[in-house]
Amino acid sequence: MKQRVLTGNLVLSDKVVYGSVTVEEERISRITEIEPQREDAEIIVPGFLDIHFHGTGPYGVLSFEDIAGVAAFEPQNGVTVFTPAMGACPRDMRVDFLRSCRRLAAERKSGCAVCAGSHLEGPWLDYEHRGGMGKDMLAVPDEESLDEVLKEAAGTLKLVTLAPDVPNGLAAVKKLSAAGVVVSIGHSGATPEEFTAAVEAGLSHVCHLFDAYDPRPVEEGVTRYCLSDACLMDDRVTVELICDGFHVPPELVKLACRLAGIDRIVAITDSMQGTGLPNGTYCQEDGTYYYLDNDSVCRSLEEDVGIVGSCLPMKRAFTNLVNRWGFSLVDAVKMTSANPARVIGVEKETAALREGFFADINILAPGTCELRECIVRGESCFCS
Ligand SMILES: [Zn+2]
């Protein structure tokens, strides 16, 4: 039996201790706590999950080959489990995407991260809050298209981001959540009351909070309660934050964490094809172009569109949280690993250093938390 013992500061669910993780084949067979954490030991954390992104490295999500490329590239980002997201797009492209994710989720290839299924971010979004989504791609969730996505995904559709305030939106929330899909509010103009009704209908997640959300209305000098406030206040939902420091200012990341509590916060990248590559022009799902600037974000080259996504690798979301914004290792692991795992329902098999769990593990440098090695299902898939 193939066995390997990793020794270092282990980031467990509630503490950091110096100890060892024994990996046998694809699972963790033993956790040994030795002593309090050591100053200069390597840091061992569960692999990161990214449940909301549209591409990474040279790969987008348009074809099976592309998504397979993403799976091969993700260990470089420290991501061991992922669900790629498809924005609003034509029907045929959506069906292809669902089939590709379904095929990829059926079997992990050597050297690759695990595709846990798919995420549809659209097309059932609100026009006024479409952000970088192509305006001709938006649609209303009719019975037929809902049936189609459920059928094509065959149980592998993990997340649907929609605006419950579009016509038939609430019925779509009910239908998708009853089918076991996590429904996420996003690109929406819902009032706090409409949001609460959607939560009562089964909605349980929030897409990139603060991005494509209205500011608080002010009436006669009085600040009103708004959708993003309601998302933070409702303990029934988990909340995504793009942790690049540009989409959400660090102060708002901290504010969200305090209000919602760390257990409800999910770090995402919302990264685009080209992430990890040099600055340049790249193509989006809908055929439009954007400029990727590694010192900021991806901006559309179309007139009046603006920001379309990030160029943030997940490993940098982690170092942002810990090194720049002062979160503890335990809290950063919750946001990058345990919480997203709970959202997509894989928390009983991965995303923790625990005996019997899959050996999905990152080894980080002491001090800097730079990624040194990424292990997926016991296999070393990236070494720096
Ligand atoms: Zn997105």
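Numbers here simply count residues along the sequence, with the first being 1. For ligands, and for the atoms within them, numbers begin at 1 and follow the listed sequence.
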side-chain hydrogen bond (donor to acceptor under 3.5 Å, both in side chains), that's the test. Do H54 and D270 meet it? Break it down for me. CA-CA 6 Å; H54 305 265; D270 205 8; 3.0 Å; yes
So if I apply the side-chain contact (heavy atoms from CB on, under 4.5 Å) rule between M272 and each of V297, T56, V308, which one comes out positive? V308
At the Zn ion (ligand 1), what angle lies between atom OE1 of E121 and atom NE2 of H52, rounded to 10 degrees? 90°
Is it true that atom NZ of K151 has more than 12 heavy atoms of other residues, nucleotides or ligands lying nearer than 6.0 Å? no
Can you give me the OD1-the Zn ion (ligand 1)-NE2 angle for D270 and H54, to 10°? 80°
Sorted by chain and number, sequence neighbours left out, side chain to side chain contact (heavy atoms under 4.5 Å, CB included) with C381 holds for P75, R108, V376, E379
Any N/O/S of C207 under 2.8 Å from the Zn ion (ligand 1)? no
